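One-based numbering along the sequence shown. Here the structure is a predicted model, which is why all the values come from computation and not from measurement.
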Amino acid sequence: MTFGFAPSAATSLSATAGSVNHVARMLEPAEWAAAGIPLLRSPREVVSGLHARHRPTPATVVVAVLDHEERLTASASFARRTTAATDGWEFRNALLAHLRRVIPHDLRRRTPVRTAVLLYCREGDERWTEEDGAWMWGLRDACTLHGLRCGAYITLTHGGWQVLGEGRGGRSPTLSSRPSALADTSADLDPVPLRTGGGAADALRRTAAR
């Protein structure tokens, strides 16, 4: 599988004046790569664990918080509204709302000790899109406002998964594959207790763990 950031013609940036605010709320690949995002030690285990726990479908967003040993502390999943604009500010608000439901903020700490990662399940290929850039902007801003370290942005498509900005990816799991049982994934991804989203009757939100 080939990984890269080359945008397709359909997702190239518009140079019109009306796109100024839109562009300001997204991160391009070079900006993301320069942000010093910490590398995941075991990205496949993280992806497999989240895939098994949340059983995502296309347009599912999974935000997860990892501790300093890369163990899953909390996670939540929700459906990306197809009618919503591709705007990092809107995405930031959605991520922040779900983070607040599943884990207390760390704003009193001088240095973040927990890291948030984002798994976005979408159609298309592995190439970077404007939508990816908006999710990157949203993740970075949500982490700042919740006292977390901004971690990896991962896409899951029918062709496999990839960590954008790192050049790492794999063919399994995919958006089409059947989730494995949680017992088959790394134990580091299922510490006890695990806090997950739940409770609110929101038709657009698919909460975490069973």
Side-chain angles (χ1 to χ4, degrees), residues 5 7 11 13-14 18-38 40 46-47 50 54 56 58-66 72-109 111-124 128-156 162-166 195-200 202-208:
F5 287 123
T11 59
L13 293 178
S14 170
S19 67
V20 172
N21 290 336
H22 170 72
V23 174
R25 291 171 176 166
M26 60 177 284
L27 293 176
E28 296 192 48
E31 295 175 297
W32 183 256
I37 306 300
L40 289 171
V46 172
V47 174
L50 295 177
H54 292 273
T60 297
V61 182
V62 182
V63 60
V65 179
L66 310 178
L72 183 60
T73 301
S75 65
S77 62
F78 59 98
R80 188 254 203 258
R81 292 185 299 165
T82 56
T83 57
T86 302
D87 188 326
W89 187 81
E90 296 288 348
F91 292 171
R92 184 278 307 275
N93 290 344
L95 292 172
L96 194 57
H98 284 84
L99 285 170
R100 286 169 174 166
R101 289 188 180 106
V102 299
I103 196 165
H105 67 75
D106 278 346
L107 294 173
R108 292 184 179 87
R109 295 182 178 273
T111 304
V113 297
R114 296 184 290 196
T115 302
V117 300
L118 180 60
L119 175 69
Y120 182 44
C121 309
R122 61 168 173 80
E123 303 286 355
W128 178 88
T129 67
E130 285 188 0
E131 185 179 20
D132 293 324
W135 280 116
M136 289 171 168
W137 190 98
L139 176 62
R140 186 186 66 175
D141 215 44
C143 288
T144 298
L145 294 175
H146 207 63
L148 301 171
R149 179 185 295 110
C150 181
Y153 174 74
I154 309 164
T155 58
L156 184 70
Q162 73 157 333
V163 186
L164 292 186
E166 294 186 18
R195 309 181 74 163
T196 56
D202 183 349
L204 294 177
R205 195 188 69 193
R206 299 177 59 254
T207 55

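E31 places a side-chain N or O within 3.5 Å of a backbone atom of E28 that can act as its donor or acceptor partner.
Atom CZ in R149 sits 10.5 Å away from atom CG in D106 (nearest 0.5 Å). Residue M136 holds its CE atom at 12.5 Å from CZ of F91, rounded to the nearest 0.5 Å. In this structure, R109 CZ and L148 CG are separated by 10.5 Å, a value rounded to the nearest 0.5 Å. Of the inter-residue distances, the one linking D141 atom CG with W89 atom CH2 reads 11.0 Å to the nearest 0.5 angstrom. The CD1 atom of I37 sits 11.5 Å away from the CG atom of L164 when rounded to the nearest 0.5 Å. Rounding to the nearest 0.5 Å gives a distance of 13.5 Å between CG of L27 and CH2 of W135.
Residues V47 and V163 are not in side-chain contact: their nearest non-hydrogen atoms beyond the backbone lie 4.5 Å or more apart. The side-chain heavy atoms of L156 and L50, taken from C-beta on, include no pair separated by under 4.5 Å. Counting heavy atoms from C-beta outward, R100 and H146 have side chains that approach closer than 4.5 Å. With contacts defined as side-chain heavy-atom distances shorter than 4.5 Å, the pair L66/L40 qualifies. Contact check for T115 versus C150: no side-chain heavy atoms found under the 4.5 Å cut-off. Y153 is not listed as a side-chain neighbour of L119, based on a closest heavy-atom distance of 4.5 Å or more.
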Stepwise, does the side-chain contact (heavy atoms from CB on, under 4.5 Å) test hold for L95 with V61?
CA-CA 9 Å; L95 292 172; V61 182; 4.0 Å; yes
Can you check side-chain contact (heavy atoms from CB on, under 4.5 Å) on I103 and T73, steps first, answer last?
CA-CA 8 Å; I103 196 165; T73 301; 3.7 Å; yes
Could you please spell out the steps behind the side chain to side chain donor-acceptor pair (under 3.5 Å) verdict for R80 and T86?
CA-CA 10 Å; R80 188 254 203 258; T86 302; 3.3 Å; yes
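Of all heavy-atom pairs between W137 and R92, the closest is CZ3-CB, 4.0 Å. For the residue pair W32 and L139, the shortest heavy atom distance occurs at CH2-CD2, 4.1 Å. Residue S75 comes nearest to V102 through the heavy atom pair O-CG1, 3.8 Å, listed as atom of the first residue, atom of the second, then distance. Closest approach of H105 and L107 over heavy atoms only: ND1-N, 3.1 Å.
Comment: R122 engages D132 in a salt bridge, judged by a side-chain N to carboxylate O separation of less than 4.0 angstrom. Taking 4.0 Å as the cut-off between side-chain N and carboxylate O, E90 and R25 do not count as a salt-bridged pair.
In this structure, a donor-acceptor pair under 3.5 Å is absent between the side chains of H54 and T60.
Using the six-membered ring where Trp is involved, H98 and F78 have ring planes that are parallel, under 30° apart on the 30 and 60° scheme.
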